[in-house]
Amino acid sequence: MEAAVATESLSKLNINGDFASSLPNLHKNLHLLSPQQVELAKMLVEKGQSHLFEHWPEPGVDDGEKKAFFDQVARLNSSYPGGLASYIKIARELLADSKAGKNPFDGFTPSVPTGENLSHGDENFIKFEEAGVREAQNAAFVLVAGGLGERLGYNGIKVALPFETITGTCFLQNYIESVLALQEASYRMTQGGQKKEIPFVIMTSDDTHARTLELLESHSYFGMKPTQVKLLKQEKVACLEDNDARLALDPQNKFRVQTKPHGHGDVHSLLYSSGLLYEWRDAGLRWVLFFQDTNGLLFKAIPASIGVSATKGYHVNSLAVPRKAKEAIGGITKLTHTDGRSMVINVEYNQLDPLLRATGFPDGDVNCETGYSPFPGNINQLILELDAYIEELKKTGGGIKEFVNPKYKDASKTSFKSSTRLECMMQDYPKTLPPSARVGFTVMDTWLAYAPVKNNPEDAAKVPKGNPYHSATSGEMAIYRANSLILRKAGVQVDNPVNEVFNGQEVEVWPRIVWKPTWGLTFADVRSKVSGNCSITQRSTLAIKGQNIFVKDLFLDGALMIDSIDEAEVKVGGSVQNKGWILEKVDYKDTSVPEEIRIRGFRFKKIEQMEKHCTEPGKFELKA
Ligand code: UGB
């Protein structure tokens, strides 16, 4: 009787509800839905998703929630290339492959590829840095920052974390200031040309969008023009509850599909659909650089890497560092298929060991005689040549080969411990490229190029001995080590480090030295700004904040902070001795200390320092 009434009211609305005739709970609610929503309901039923409506109550109960459910379904449908039907189809195929234990690299044999190896400070490196700075004005920068950083467990967004705590500069500020410094330096090098603004894109997600925008707005975009920065928000994708790719309902709300992040691979389709790539091409740009949220060393590697891309004409250039076996970074690998095809591609850290074992390397992912894995470690910083990138995306729409990684309850692989979803990675972009594509990579020293902040203190302390911690502690200490080593190469006598343990991690503590990107963007810049007999003791802290600060015959044993406007030229020298800043240990469990500090395991106790601020144009001399 009830069904007949429902059918009658549907026909008045011109809705054919036959598809739902065996689903009474959906059928009797269909008249509440718009024609578009009815179409979506039909698609879901046809794709084996009837369970989504089993609990639906009578019309009149939770009607608003039922409509909201379809609003969400419409969003999930429109944000995925090919819609939800395509998502479900691909999910079923990938889940079947996963259940059958199919090797995604079937038919491929891995070998170690050859790439460009750079050694910081030598002639080659300096040449590439110069070429890179010249070319930087033709680049756009894309930061992928949609990840929650579950491994770190920090409550805020990762780009808001200080990358060093002498000045408290956060990652995002460092990235923006580095891009602005590159923009200026590139313009200076090609004087006479038109002054270009380097576009800066940030991919966010629902987890990070509002807080990223807030961070930018509350700091006046860290000096960048707001119009120069674009935020592109990635959508999450539907979770899957079983091998039939039945969509999972949100445990908190049975009128919502549970969703999870789709991975950083979304950046390609978002860039393509935003139209920005064409805008950039029309503006004469040649390169798109992709990078991640917490690598404070990154911009020390950028100028030379752009130089490599430009000099070698690479369509794809992946930056890499020597990799310790089992380190949680992917391995850059040459894969050769039995049919003759080959590609140079990242093999993700959880796949490298099984791939090697399956292809004649019985020990799997192990170090070779150098003490490192023979496969260079992918730091997920990619430089793509814009024209070739556009040509490829015209074909793919930016869709990246996905994968699924269900955690099964038992060996029968019939049910999951928790829902799963399809994922994609930005470094998988080269997988669809034709053999003619010029795909290369550039290896640099880890101390110069890579110090991510990914692991919480507890997990970092458990990292196998000799492998990097990838924690807030090691991330900050790596900045001081890199700056100390660069100054040494520039002729400054910098004391050796001491070893100390913070939050259960033993790290090298070098003199704490930082500078703004405008001061030392390249090695040539640093070399031009230090001269004479300079030395810095281990207990020292030094912050250089100003483009035209020249350090000559300086002996530093304590703390020295200098900042100056660009129009001032400051000469610093003499003997600076004071009680300085002391590193005080903090326990990560001590909640009386702010989270961004206690996750490092130390903080600065400022006892005494010499400070100099030059706020007027002109020439100054600071001699202690
Ligand atoms: N990210 C997004 O923007 N959206 C997402 O949906 C997910 C992430 P992780 P992981 O270089 O250190 C990568 O989680 O697992 C952003 C490479 O895959 O830090 O450590 C997120 O905000 C691996 O090959 O990635 O692995 C962050 O900026 C290896 O190279 C970035 O994507 C490793 O990084 C990476 O997210 C590394």
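Whatever order the structure lists them in is the order used to number ligands and atoms, beginning at 1. Position 1 is the first residue of the sequence; numbering continues from there.
For atom 26 (O) of ligand 1, the nearest protein heavy atom is under 4.0 Å away.
Ring pair His219/Phe222 is parallel by interplanar angle, where below 30° counts as parallel and above 60° as perpendicular. The aromatic rings of His470 and Tyr450 stand perpendicular to each other, their planes meeting at an angle above 60°, with 30° marking the opposite boundary.
Centroid-to-centroid, the aromatic rings of Phe200 and Phe141 stay 6.0 Å apart or farther. The aromatic ring centres of His315 and Tyr389 sit 6.0 Å or more apart. The aromatic ring centroids of Phe299 and Phe291 lie less than 6.0 Å from each other.
Around atom NZ of Lys326, more than 12 heavy atoms belonging to other residues, nucleotides or ligands sit under 6.0 Å away. Within 6.0 Å of atom NZ in Lys431, more than 12 heavy atoms from other residues, nucleotides or ligands are found, so the atom counts as buried in its surroundings. Around atom NZ of Lys395, more than 12 heavy atoms belonging to other residues, nucleotides or ligands sit under 6.0 Å away.
The distance criterion of under 3.5 Å between nitrogen or oxygen atoms is met by Gly147 with respect to ligand 1. For the pair Glu348 and ligand 1, the shortest N or O to N or O distance falls below 3.5 Å. Considering backbone and side-chain N/O atoms, Asn378 comes within less than 3.5 Å of an N/O atom of ligand 1. Looking at Gly263 next to ligand 1, an N or O pair under 3.5 Å apart turns up.
Annotation: cation-pi pair Lys407/Phe416 absent, no NZ/CZ under 6.0 Å from the ring centroid and within 45° of its normal.
Nearest protein heavy-atom contact of atom 35 (C) of ligand 1 is Gln292 OE1, 3.3 Å. Of the protein's non-hydrogen atoms, the one nearest atom 15 (O) of ligand 1 is Tyr349 OH, 2.8 Å. Atom 9 (P) of ligand 1 has as its closest protein heavy atom Lys454 NZ, 3.8 Å. Considering only non-hydrogen protein atoms, atom 12 (O) of ligand 1 sits nearest to Tyr450 OH, 2.2 Å. Protein heavy atom closest to atom 36 (O) of ligand 1, with residue, atom name and distance, is His264 CD2, 3.9 Å.
At a threshold of 4.5 Å between non-hydrogen side-chain atoms, the residues Arg438 and Val316 do not count as touching.
Near Gly330, the atoms of ligand 1 lying under 4.0 angstrom from a non-hydrogen atom of the residue are 23 (C), 24 (O), 29 (C), 30 (O). For ligand 1, the atoms closer than 4.0 angstrom to any heavy atom of Val144 are 3 (O), 16 (C), 21 (C), 22 (O), 27 (C), 28 (O), 31 (C), 32 (O). Taking a cut-off of under 4.0 Å to the non-hydrogen atoms of Gly146, the atoms of ligand 1 that pass are 2 (C), 3 (O), 4 (N), 22 (O). Atoms of ligand 1 lying under 4.0 Å from at least one heavy atom of Gln234, given by number and element, are 2 (C), 3 (O), 4 (N), 5 (C), 6 (O). Heavy-atom contacts of Asn380 reach the following atoms of ligand 1: 11 (O), 13 (C), 17 (C), 18 (O), 30 (O) (cutoff under 4.0 Å). Near Pro261, meaning under 4.0 Å from any of its heavy atoms, are these atoms of ligand 1: 6 (O). Ligand-side atoms of ligand 1 in range of Arg151: 10 (P), 15 (O), 20 (O), range being under 4.0 angstrom from any heavy atom. Interface of Asp293 with ligand 1, defined as ligand atoms under 4.0 Å from a residue heavy atom, comprises 21 (C), 22 (O), 27 (C), 28 (O).
Minimum heavy-atom separation, Lys99 to Tyr408: N-OH, 3.5 Å. In terms of heavy-atom proximity, Lys233 sits nearest to Asp206 at NZ-OD1, 2.8 Å. Taking both residues in full, the closest heavy atoms of Gln427 and Ile345 are given as O-CD1, 3.9 Å, listed atom of the first, atom of the second, then distance. The shortest heavy-atom contact between Asp353 and Asp365 is OD1-N, 2.7 Å.
Heavy atoms of Ala145 found under 4.0 angstrom from ligand 1 belong exclusively to the backbone. For Gln427, every heavy-atom contact with ligand 1 shorter than 4.0 Å involves the side chain, none the backbone. Only the side chain of Asn346 comes within contact range of ligand 1, with a heavy atom under 4.0 Å; no backbone atom does. Residue contacts with ligand 1, taken as heavy atom pairs separated by less than 4.0 Å, do not involve His470 at all.
Panel note: side chain Ser274, backbone Leu276; a donor-acceptor pair is recorded below 3.5 Å.
Remark: distances from the non-hydrogen atoms of Glu423 to ligand 1 are all 4.0 Å or more. Contact annotation: Phe291 has no heavy atom less than 4.0 Å from any atom of ligand 1.
Nearest residue to atom 11 (O) of ligand 1 from Ile332, Val453, Asp428, Ile379 is Ile379 (criterion: closest heavy atom).
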